[in-house]
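Computed from heavy atoms alone, side chains included, the values below leave out hydrogens, waters and symmetry copies. Every number for a ligand or one of its atoms is a count from 1 in the order of the listing.
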Amino acid sequence: MTAVAPLPKRPPSLLADASTRLDDALQYVDISEDALRRLKYPKASLSVSIPVRLDNGSLAVFQGYRVRYDDTRGPGKGGVRFHPSVTMDEVQSLAFWMTFKCALLNLPFGGAKGGIALNPKQLSRQELERLSRGYIDAIADFIGPDVDILAPDVYTNATIMGWMMDQYTIIKRQASPAVVTGKPLMLGGSQGRDTATATGAFYVIDALLPKLGRQPEQTTVAIQGFGNVGAALAERLAQQGYRVVAVSDSQGGIYAEQGLDIGQIRRHRAARQTLKAGYCTDTVCNLGEHETITNAELLALEVDILIPAALENQITAANAADVQAALIFEVANGPVTSAADRILEERGKLVFPDILVNAGGVTVSYFEWVQNRSGLYWTLAEVNERLQQRLIAEAEQTWAIASQRQVSLRTAAYIHALNRLGEALDAKGTRDYYANGAT
Ligand code: NAD
């Protein structure tokens, strides 16, 4: 059993902070009042209690959520998070980001998200399975392959997605693989989904870096969060010649100026659960000198690229002035607050926004959904080729909008997504749309 990670400090409302990004982009977008008003509010928010019989015979009741923020462009799509800090506000914000991410990538989905407030590391595997199935029992009428599709997020994984899909199938009495993505391969998962977010982030970093006149070999990287995404991205970057000098998890981090051996750390962590606990008494120490650092120190390291890949609200007005990295690639959802954005911009730091950088996961989730529905499965090479094409095309467009409009990359990404969302909302009918005689 592991200690609960410290809860991130939040602004009064995460959703209110998230939607300031909309306001920043609005002046550059021709969007109707009606469409804008619709995008300010989540379409549907469900809060459920999930009773779970624990192994010791007692009953625990967990609080769960599912939010469909907007489904104008297609069924809701978004992950399920198991974490002690999950609240309705957090889930609504994550669903908001999913709405813009799906529009930015031109996926035929709206935005959704779900979560359960708990520390999953305190449950046994059987308790976790009962909880996952109980969550589906509670939200089954709110989701579906054409309504709202689930996926993994923080502290959920392919095994949990398999249980959730199976429970939905039991309730509906028909095979429904497309209700959940990120499933095990044997239950209809897609090749490449487990590493898709990291692979996508790598494609974006590697495609945009030359625009800044940088080469991988001369680029140092620090990564906060060594989970599904952070660890896979660290390994990919290191394999491609980037010098990954620091990584961390909820317990703390490690630093080595000459670069870390990420493959060894991944194997070590898989065996030992945390980077720090027992780190320097184990074989990894034989690879070289490793300094232990705190997460706060990692965020302030003198590196070329900083990659927050843990949770939201990690770079705030309180520590944005400490950030030394010139480039920040947001792999986590919402790691930089809007106040921090302004400070970083004033200091000449470039922030590559979450809705672009971490969109590889939802893109391959879309591929999984397509494969489930067609019954035709693709090779890893096919998946990665399509992922690369789509992500690089949208990254290039976002870069071009930022250059043309002289706006931040985040505002550019929102302009691009808002244009698509606005058109879809208007096409469903607004006062202006009908007044102008559109048919
Ligand atoms: P994960 O649960 O596998 O890993 C999370 C990592 O963050 C772990 O290493 C954990 O120890 C660390 N962590 C937790 N609290 C921390 C803290 N206070 N300080 C530092 N580190 C901390 O989750 P993941 O799937 O890798 O997701 C990471 C981020 O990426 C999340 O913001 C998630 O929303 C986002 N994301 C994930 C996917 C996906 O496909 N999994 C897709 C898009 C975005």
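Geometrically, ligand 1 and Phe226 share a nitrogen or oxygen pair separated by less than 3.5 Å. Checking only distances, Asn333 does come within under 3.5 Å of ligand 1, N or O to N or O. For ligand 1, the polar-atom distance check against Leu94 finds no nitrogen or oxygen pair separated by under 3.5 Å. For Asn358, no nitrogen or oxygen atom sits less than 3.5 Å from a nitrogen or oxygen atom of ligand 1, counting backbone and side chain alike. The shortest N/O to N/O separation between Ser248 and ligand 1 does not fall below 3.5 Å.
Less than 4.0 angstrom separates some heavy atom of Asn228 from each of these atoms of ligand 1: 1 (P), 3 (O), 25 (O), 26 (O). Using a 4.0 Å cut-off to heavy atoms of Asn295, the atoms of ligand 1 that qualify are 19 (N), 20 (C). Those atoms of ligand 1 that come under 4.0 Å of a heavy atom in Ser250, given as number and element, are 10 (C), 11 (O), 12 (C), 13 (N), 14 (C), 15 (N), 16 (C), 21 (N), 22 (C). Of all atoms in ligand 1, numbered sequentially from 1 with element shown, those under 4.0 Å from a heavy atom of Arg193 are 40 (O). Heavy-atom contacts of Val331 reach the following atoms of ligand 1: 30 (O), 35 (C), 44 (C) (cutoff under 4.0 Å). Ligand 1 places these atoms under 4.0 Å from at least one heavy atom of Gln224: 19 (N), 20 (C). When each atom of ligand 1 is checked for a heavy atom of Arg81 under 4.0 Å away, the hits are 31 (C), 32 (O), 33 (C), 34 (O). If you number the atoms of ligand 1 from 1 as listed, the ones under 4.0 Å from a heavy atom of Leu311 come out as 15 (N).
Taking both residues in full, the closest heavy atoms of Tyr69 and Leu39 are given as OH-O, 2.7 Å, listed atom of the first, atom of the second, then distance. Contact detail for Asp148 and Arg66: the closest heavy-atom pair is OD1-NH2, 2.6 Å. The shortest heavy-atom contact between Arg420 and Leu104 is NH1-O, 2.7 Å.
Applying the salt bridge (charged side-chain N to carboxylate O under 4.0 Å, His left out) test to pairs two or more places apart or on separate chains, those with a residue in residues 317-335 are Glu330-Arg410.
Between atom 28 (C) of ligand 1 and the options Ala309, Ala231, Gly227, the minimum heavy-atom separation is to Ala309.
In terms of modelled atom types and a separation under 3.5 Å, the side chain of Arg81 and the main chain of Leu94 share no donor-acceptor contact. Remark: the backbone N or O of Trp378 is paired with a side-chain donor or acceptor of Gln371 at under 3.5 angstrom.
Looking at Glu312 against ligand 1, nothing comes within 4.0 Å, counting heavy atoms. Proximity of Gln251 to ligand 1, defined as any heavy-atom pair under 4.0 Å, is not found for any part of the residue. Contacts between Val154 and ligand 1 below 4.0 angstrom, taking non-hydrogen atoms only, involve backbone and side chain alike. The proximity of His83 to ligand 1, defined as any non-hydrogen pair under 4.0 Å, does not occur for either the backbone or the side chain. Both the backbone and the side chain of Val229 come within contact range of ligand 1, each with a heavy atom under 4.0 Å.
Residues Thr181 and Arg193 bring no donor and acceptor atom of their side chains to less than 3.5 Å of each other.
Ring pair His83/Tyr155 is parallel by interplanar angle, where below 30° counts as parallel and above 60° as perpendicular.
By the 4.5 Å heavy-atom criterion applied to side chains, Tyr242 and Leu209 are counted as neighbours.
Applying the side-chain hydrogen bond (donor to acceptor under 3.5 Å, both in side chains) rule to Thr199 yields no partners; only residues at least two apart in sequence or on another chain are considered.
Counting non-hydrogen atoms of other residues, nucleotides and ligands closer than 6.0 Å to CD of Glu127 gives a total above 12.
Residues Trp369 and Phe109 place their aromatic rings such that the two centres sit under 6.0 Å apart.
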